[in-house]
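Working notes for the structure below.
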Amino acid sequence: MHPGESSKRSVPSALGSGGCIDALPDGVLGHILGFLPAPEAVQTCVLARRWRHLWRTATGLRIGCCSSEDEGRRVKEQREFVDHLLLLRGSLPLDICEFGFSELEDDDVPRVNLWFRHVVMSRARVLSLRLHLFFNKFLKLDDLPLVSQHLTKLDLSSVKLQNSFLSFASCPALEHLELVYCNLASADKIASKSLKHLSLTDCVLLDEPRIYISTPSLVSLHLDSFFGRTPIFDSMPSLVKAFVRITTHCWDGCSRPDYLDCACLLCDGSDSSQGSSIMLLKGLSKAQSLVLISVPEKIIFESDLRWCPMFSNLKTLLLDDYWCTPDDFSALACILEHSPFLAKLTLELFSEGPKYEVEMKGRCNLMERSAKISENLNIVEVKCQVVDQRVLKVLKFLCTFNISFTF
């Protein structure tokens with residue numbers, strides 16, 4: 001710019017060359033509006049005549065929540081706005097819709113169900129309904145089949161689901177299902193031929209019979225801290241990775257002090273006649289990567305080891321100290337002997353938190369490798385807070401497989 005020339009002249013020049021948002025086509029503007037909270041997207045109707053109806057073409061709807069950290073607003077505060085929004089928007093297709101609400105009253109339930117079904121009919125590909133409610137309170141979704149040729153991802157929190165809803169035969173494109181603190185106590189089955197990623201966190205599961213999960217195309221599984229009985233998994237031949245954490249909320253426990261020597265290992269005996277059909281490990285046996293964690297008094301893994309399957313694809317395995325008690329290390333030995341291609345083993349021992357003060361690296365002696373473990377095992381990690389007598393016993397046991405450690 002020459003001295004004395006007004007800087008204002010550069011602004012219209014930039015706009016004229018395409019720098020103004022008005023130069024963008026309607027389809028791009030609709031995509032941009034989809035990232036805004038719905039009220040802000042609607043407010044753009046006052047900008048100019050062209051913008052009067054552009055908000056209707058927004059490819060995303062974010063209702064009640066402004067960000068992933070926002071707990072959302074009360075449903076009652078949103079009723080009038082959402083009713084008009086969905087009515088005026090009609091059935092124009094959606095890429096994504098997110099609902100987030102913090103409070104729910106009884107007369108809100110039919111309205112939220114209506115909004116939910118309307119969005120499904122609007123061909124949404126990604127649908128999220130997250131409620132931040134008080135403990136033991138859920139939104140009951142209608143027990144009707146979910147029908148959509150377009151839905152690929154479903155994310156639900158604090159809702160109660162029943163059998164018809166959880167049969168996804170009419171959702172052939174569904175690949176992601178995430179349920180957080182959902183009540184499945186009235187459902188005995190989750191079934192989907194298309195599902196590839198399943199995450200269940202802090203969910204309430206059925207007591208009797210156990211919930212049955214049939215997802216033959218599953219690639220990843222995350223099962224963390226459920227309330228109730230451990231679910232039964234059908235064969236998952238495509239499984240790549242799985243995370244399973246059994247906490248004190250699991251009802252598969254034993255109050256007997258000698259439970260590890262119990263004949264049935266399931267004290268009520270209700271499952272003893274089912275034999276290997278109840279196994280959790282059998283459903284996980286095709287995984288390439290496994291994380292298996294449990295509190296000591298829960299016996300589901302110990303019970304499964306009576307019919308321990310062969311983990312023929314397993315390459316990486318992470319276990320906690322559950323697998324290192326009692327001192328005979330029978331559980332750890334069993335799973336190692338049934339993992340013929342294991343390449344990396346990580347043991348996280350005797351710590352209540354995720355941070356570890358001590359990390360030790362171990363390697364197998366190539367000349368004296370034990371025939372009982374994988375010949376591919378070349379990395380063994382042991383993480384702990386302190387090297388105490390319990391940890392030393394684990395290290396001594398691993399030495400029987402000719403695994404040596406450096407501190």
Worksheet item: Is the backbone of Leu151 close enough, under 3.5 Å, to the side chain of Ser148 for a donor and an acceptor to pair up by distance?
Response: yes
Worksheet item: How about Arg50 and Leu29: do any of their side-chain heavy atoms sit closer than 4.5 Å?
Response: yes
Worksheet item: If every non-hydrogen atom of Ser351 is compared with every non-hydrogen atom of Tyr356, which pair is closest and at what distance?
Response: CB-CE2, 3.4 Å
Discussion item. Can you tell me how the ring of His176 sits relative to the ring of His197, calling it parallel under 30°, perpendicular over 60° and tilted otherwise?
Written reply: parallel
Worksheet item: Are the side chain of Arg123 and the backbone of Ser91 linked by a donor-acceptor contact shorter than 3.5 Å?
Response: yes
Discussion item. Between the side chains of Lys298 and Asp252, is the shortest nitrogen-to-carboxylate-oxygen separation below 4.0 Å, so that they form an ion pair?
Written reply: no
Worksheet item: Does the Arg229 side chain pair with the main chain of Ile211, one donor and one acceptor, at a distance under 3.5 Å?
Response: no
Worksheet item: Should Lys189 and Asp234 count as an ion pair when the cut-off is N to O under 4.0 Å?
Response: no
Worksheet entry | Closest heavy-atom pair and its distance - Met236, Leu218 | SD-CD2, 3.5 Å
Worksheet, complete the sentence: Between Ser312 and Phe341, the two heavy atoms sitting closest are O-CD1, 3.1 Å
Worksheet item: Would you call Phe168 and Thr215 a side-chain contact if the rule is heavy atoms closer than 4.5 Å?
Response: no
Item to complete: Search all heavy atoms of Pro216 against all heavy atoms of Ser192 and return the closest pair with its distance.
Response: CD-O, 3.5 Å
Fill in: Donor-acceptor contact present, side-chain Asp224 to main-chain Ser199, <3.5 Å
no
Discussion item. Under a 3.5 Å distance rule, please check whether Ser303 uses its side chain to pair with a backbone N or O of Ile299 as donor and acceptor.
Written reply: no
Discussion item. Contact between Val291 and Lys241 at the side-chain level, heavy atoms closer than 4.5 Å - yes or no?
Written reply: no
Fill in: Charged N-O contact under 4.0 Å between Arg62 and Glu40
no
Worksheet item: Just how far is it from atom CG of Leu198 to atom CG of Leu223, taken to the nearest 0.5 Å?
Response: 8.0 Å
Discussion item. More than 12 heavy atoms of other residues, nucleotides or ligands under 6.0 Å from CE of Met310: yes or no?
Written reply: yes
Worksheet item: Do Leu61 and Phe99 come within less than 4.5 Å of each other through their side chains, counting heavy atoms only?
Response: no
Response to the item:
On a heavy-atom basis, the closest approach of Leu349 and Cys324 is CD2-SG, 3.8 Å
Item to complete: Return yes if some donor-acceptor pair links the side-chain N/O of Ser158 with the main-chain N/O of Leu131 below 3.5 Å, else return no.
Response: yes
Fill in: Leu239 and its side-chain contact (heavy atoms from CB on, under 4.5 Å) partner, picked from Asn313, Val219, Leu221
Leu221
Response to the item:
Output for pair (Asp106 CG, Leu139 CG), nearest 0.5 Å, gives 10.5 Å
Worksheet item: Are the side chain of Asn376 and the backbone of Ala343 linked by a donor-acceptor contact shorter than 3.5 Å?
Response: no
Discussion item. Given 3.5 Å as the limit, does a donor-acceptor pair link the side chain of Asp304 with the main chain of Leu281, or not?
Written reply: yes
Worksheet item: Around atom CD of Glu105, are there more than 12 heavy atoms of other residues, nucleotides or ligands at under 6.0 Å?
Response: yes
Discussion item. Measuring only between side-chain heavy atoms, which start at C-beta, is Leu174 closer than 4.5 Å to Lys196?
Written reply: no
Practice prompt. Just do the side-chain contact (heavy atoms from CB on, under 4.5 Å) check on Asp142 and Phe165 with the steps written out, would you?
Written response: CA-CA 8 Å; Asp142 292 336; Phe165 187 97; over 6 Å; no
Practice prompt. Can you measure from OH (Tyr181) to OG (Ser157) and round to the nearest 0.5 angstrom?
Written response: 9.5 Å
Discussion item. Quick one, Phe226 and Thr247 - any side-chain contact, counting heavy atoms below 4.5 Å?
Written reply: no
Item to complete: Applying side-chain contact (heavy atoms from CB on, under 4.5 Å), run through Val387 and Met360 and close with a yes or a no.
Response: CA-CA 10 Å; Val387 182; Met360 294 168 281; 4.3 Å; yes
Item to complete: Tell me, with the steps shown, if Ser339 and Ser374 meet side chain to side chain donor-acceptor pair (under 3.5 Å).
Response: CA-CA 7 Å; Ser339 305; Ser374 167; over 6 Å; no
Practice prompt. State plainly whether the residues Asp320 and Arg245 are in salt-bridge range, i.e. N to O under 4.0 Å.
Written response: no
Discussion item. More than 12 heavy atoms of other residues, nucleotides or ligands under 6.0 Å from NZ of Lys315: yes or no?
Written reply: yes
Discussion item. Go through it in stages, so that I can follow the logic: the residues are Arg111 and Asp83, the test is salt bridge (charged side-chain N to carboxylate O under 4.0 Å, His left out), and I'd like the CA-CA distance, side-chain angles, deciding distance and then a yes or no.
Written reply: CA-CA 9 Å; Arg111 192 68 59 92; Asp83 284 347; 2.5 Å; yes
Discussion item. For Lys396, is the NZ atom crowded, meaning more than 12 foreign heavy atoms sit under 6.0 Å from it?
Written reply: no
Response to the item:
Distance col, row Leu319:CG vs Ser294:OG, nearest 0.5 angstrom, shows 11.0 Å
Worksheet item: Please walk me through it: do Glu98 and Leu129 pass side-chain contact (heavy atoms from CB on, under 4.5 Å)?
Response: CA-CA 6 Å; Glu98 296 180 353; Leu129 173 59; over 6 Å; no
Discussion item. Quick check: do Glu178 and Arg130 have side-chain heavy atoms less than 4.5 Å from each other?
Written reply: yes
Practice prompt. Check whether any side-chain heavy atom of Cys250 lies under 4.5 Å from a side-chain heavy atom of Thr230, and answer yes or no.
Written response: yes
Item to complete: Measure the CG-CD1 distance between Asn163 and Ile190 for me, rounded to the nearest 0.5 Å.
Response: 10.0 Å
Worksheet item: Between His53 (side chain) and Cys45 (backbone), is there a donor-acceptor pair under 3.5 Å?
Response: no
Practice prompt. For residues Ser217 and Lys193, report the shortest heavy-atom separation together with the two atoms involved.
Written response: OG-O, 2.6 Å
Worksheet item: If only atom types and distance count, is the side chain of Arg89 paired as donor or acceptor with the main-chain N or O of Ala58 below 3.5 Å?
Response: yes
Worksheet item: Testing Phe329, Phe397, Phe301 for ring-ring contact (aromatic ring centres under 6.0 Å, His included) with Trp323, which one passes?
Response: Phe301
Response to the item:
Between the CD atom in Gln288 and the CG atom in Leu342, the distance rounded to the nearest 0.5 Å is 12.5 Å
